[in-house]
Amino acid sequence: MMIEERPDPDALLSVVGEDPHRPRRGLLKIFFGACAGVGKTYAMLKAAHQQHAAGVSVAIGIVETHGRPDTLALTHGLPALERRESCQSGIVTTEFDLDGALRAGYQLLVVDELAHSNAFGSRHAKRWQDVEELLDAGIDVYTALNVQHLDSLNDVVGGIVGVRVRETVPDRLFDQAADVILVDLPPDDLLERLESGKVYLAPSVAQARQHFFRRGNLIALRELALRRMADRVNADVRGYRISHAIRTVWPTRELLMVCVSAHDSQEVLIREGARLAQQWQTAWIVLHVGQPQESEQPQAQEALARLAVSAQHAGAEFAHISGQDRAQAILAYARQRNASKLILGNARRPVAWSFRPGLAERIARTGPEMGLMLLRTDSAHPRRHFWTLNWPKRQGGALVVASAICILTTLVAAQLLSVFDLSNVIMLFLITVVFIALRLGRLAGVWASVLSVAFFDFFFVEPRLSFSVTDTQYVFTFGVMLVVALIIGQLAARLQAEVRIAREGERRASALAQVTRELAGSLTLEQVVAVCKNALEPLFETSMVLLVPDGQQRLVATRPAGYVQLSVAQWVFDHGEQAGHGTQTLNGAAALYLPLKGPMAPRGVLVIQPTQNRSLDAPDQRRLLDACCFTIAQALERIHYVEIAQDTVLRMEGEKMRNTLLSAVSHDLRTPLTAIRGLAETLEHPQGLSEIERCDLARSIRIESDELRRLVANLLDLARMQSEGVQLNKEWHALGDIVGIALARCAAGLQPRTIVTDFPADLPLVEVDAVLLERVVANLLDNAAKYTPADATVTIRGLRSGEAMYLLIADDGPGLPGDDLERLFDVFTRGRKESSVTGVGLGLGLCRTIVAAHGGAISAKPRTPHGVIFEIRLPWRAAPELEQEGKPS
Amino acid sequence: MNKMRILLVEDEPNIRRFVRIALEQDGMQVWEAPSLTQARVDTATRQPDLIVVDLGLPDGDGKDLIRDLRGWMPAPILVLSAREQEDEKVAALNAGADDYLVKPFGVPELLARIRALLRRAQRMSGGQTASSQVCFGNVRVDLSTHEVLRSGQAVHLTPIEFRLLSALIRGQGKVLTHRYLLQETWGAAYSDRPHYLRIYMMQLRQKLEDDASQPQHLLTELQVGYRLSGVSVVQDDTREA
């Protein structure tokens, strides 16, 4: 019986969304294959059987066996749901019974052929819709799907095989399925299966072979299926790793990792790694795990540098990490980088070490997911005998100190023995061993352990002052004491070493962070140079110079340094490759030259003077250096673009100003010139002119040329100030003096206006550039002469108020038009547009420039009832004291 | 009366022309020299009473000519220059020039300066400096008794003020540089303290000028120095009394 009414899916969804205890959605598992016959149904039923065996309630929803006996055999043993019969145009077909399945209450249903189209009259047109409903009901589903049925691949497959299938499944289902299992069969095997009648019933084989099951088709379909699967899996892995912070490598895309130690023999590994990486078409890393004692051996450092170079030449990424336990460090790094194949050198190990598992064995044990490849490298691997070990020289000193401490402990113990028991003396020795191991390292720890036991035996165990022991149980004590001391000592030394490694890493990280932070804040080249000097030089403990290109791409040193060869630097800059000391190029040079490659272009060269004590070739130093170089290059690039942007703005401003200036100046220059020329021409033919008229014409010429002179003077001043900046020649002056000069200069223009000056007799001196300030006053007076009527009064006052000296120039003329008094001082603004009075407004612009250069301000205010006040405020400080006048002459 | 003989050293013909016209109209005799070489020749042959020199000449700097002439010739020198920089003016004055005018200049001012210089030269050559009394405006100064009268009223000057005033009077209308005035008044150690000068000039003006903010006699040459204008020697004490 069919259920006529279904719940509204939206309503259902909202309920589901709200209910925190909503039922789990069913999980979909797709058995995915390239084409029919690869064994999807078989695999699916196998899996279902496994689930059944595991106690899950499994039932077969619908399975088409196509008469394949193997498959049919697998359907036994699992309950099968009743099929629903439907009748379509007289043909009776059986379909999957969705309602029956929902009712049956199985946990897992096997529903074959996800792409199947349901017979007419079913609830859904497609079987995948049935499956979705099952999933929504919380029922898990196993289903099978061929690649050609995927919506997105339908066209592609149609184009390849020439048969377009109509049954398609949205990719969403494939991508969102809880699990997709690829059922793969090589084409030849498939064809063989087809031939042997395992795929279709015998009569249709020949036809199928000619059409669909051509070998080429099968290969193409297989490739499609594999690729689609790979995409899905990669996406899965990414997502999963992100959300679960997975530590274990899931072998997806191959990444090969060659683990080397710091010996030349290891180049074999790198060559082999290069060969394999090429063969597998995969990226690869050469990893070196450093150990603390190695960083102190110069040979090891050199070998390591050579390895790094050859790895980079072979196309590998070179990585250097530090860790006490090499196996753990390698595994951690491999997991972090998702490397799944490791190549290790299989060196011969001393027999004495055979009790301890080898590196490969340890890796294999703790990281079983890793593919390991052991390569023979032993030929050149030096046999490491304890006594020939290249212990750093200062170990000798450490041993002496350790011995001394042990002796001291013995003395203290001898004193304490009167108070304490003998067993407590052992404790004292143990703590001594821990202390020595922590402070002086591993070897000193071992030495202290042995020495402690010996001293204990010799001085404290009866008979004293002899190594012989009467009580045999002390032999056991010695054994335990030695073992405990050794273990504790080793642990302590190891802890110390790890702390040192961690500190070193921390130091580098914080140094880089600091450099980056400082560079990020740098806005000028000087700041970058300062960062190089103040942050990088201490970090690398050497001297370095930054070279930056000039306009012609020629390098210039930011500070002089004897070891810089510009030709080498230029080569490095032009080719973008490092050169100089310790490199393959121009290695005769005294310093190391590193190009600073910005994201867009080379930005300069960093020249580093090599030092004796710290090798810049060490991989971790070089990595740090490279990181710093890149940050510097980025900073330089940013500065470069900031400069370009500023230049552009300046050019635009300049252009705008030039245009305004040209138009304004050409008007104001032409006006008096036209007048002068006309007046002069009139005078050239004086016939018919009276004497008075001729004088009048001549005077007009003079007045016009005065106007012209003023204009030119202002223009020249402004041009000079804008090209050279305002050069102040400050001296102590009396304000009244300066005003007096300006008044004398403007006297002719100001007549017949009344001039009132008010400078108190005790007005102090002010430190100004008198010539420039006189220009300011003269300009303001010129303005007063131009814009006020002949009966106006011009008042000039000077006064001091606190730290400021004020100069006020007021008139009672008509005042200023408009209210935008600030704009008045913008160069080329003129109070009245197109008036017959010339002057551009250059004058006020000049005034503001000059006053601003003095650190003062100029402003204009309307005066009541009419007129205008210009106020010049100058900073004031007391003039140096005068010596009191001496004796009368 | 003999015509005053003026040598005009200037390479620009139009300027030479109007200056010559102006001077000739004022009753002077003018020779023109367009170059340094010509100027040297003319100075030696024409024996001018005054030389007007343009600083920018085609064959050299006018300052060189001034230094040259100062060695053997007492005639006053007036400099014309388009160079407005103050240090140029000071350099010309230090080279031995007596006064300077910045181009563009007005004819009346040029004539006034030339006349003043000629008067001073006449006095010096005429030995009339024997008189200890000078006057400018309504101020009369007795250099021997240190007595200063303004409109007949005695004015008290401090010793330094008087020394400064005397230095200006000795300049006889010539522009005196800050350095010179400081050395004359305070001594060489004070030559870098121009603010002393400013203060005392202010005090002098307040005591001697009608309007201290618009002085008529104690004139400032910005950034260069000071000048006392309108000084004349009182010929005869008895006549004045």
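Just so it is clear: chains get the letters A, B, ... in the order the sequence lines come, proteins before strands, and each one is counted from 1. FYI, side chains are in, hydrogens and waters are out, and symmetry mates aren't considered; it's all heavy atoms of this structure.
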When A/A734, A/G736, A/A761, A/A879 are compared by non-hydrogen pairs under 4.5 Å with chain B, the top option
A/A761

Basic-acidic side-chain contact under 4.0 Å: A/R753, A/D811:
no

Chain B shares the most heavy-atom pairs under 4.5 Å, among A/R709, A/E774, A/H733, with A/H733

Please walk me through it: do A/V766 and A/R800 pass side chain to side chain contact (heavy atoms under 4.5 Å, CB included)?
CA-CA 10 Å; A/V766 63; A/R800 182 178 75 84; over 6 Å; no

Under 4.5 Å from any heavy atom of chain B - which part of A/D758:
neither

Before accepting this row, confirm whether a basic side-chain N of the pair A/R702/A/D706 lies closer than 4.0 Å to the acidic partner's carboxylate O.
yes

Chain B heavy atoms under 4.5 Å from A/A744: which part of the residue, side chain, backbone, both or neither?
neither

Taking side chain as everything from C-beta outward and backbone as N, CA, C, O, which of these in A/P764 sits under 4.5 Å from a heavy atom of chain B? Side chain, backbone, both or neither.
neither

So, are B/E221 and B/R227 salt-bridged, with charged N and O less than 4.0 Å apart?
yes

Could you go step by step and tell me if B/V148 and B/L208 meet the side chain to side chain contact (heavy atoms under 4.5 Å, CB included) rule?
CA-CA 9 Å; B/V148 181; B/L208 304 179; 3.9 Å; yes

Heavy-atom pairs under 4.5 Å with chain A, option from B/Q214, B/R205, B/M202, B/R198 with the top count:
B/R198

What do the steps show when you test B/E32 against B/V19 for side chain to side chain contact (heavy atoms under 4.5 Å, CB included), and what is the final call?
CA-CA 10 Å; B/E32 295 176 25; B/V19 172; over 6 Å; no

Please classify the contact between A/L763 and chain B as side chain, backbone, both or neither, with a heavy-atom cut-off of under 4.5 Å.
backbone

Choice from A/I741, A/L743, A/I796 maximising heavy atom contacts with chain B below 4.5 Å:
A/I741

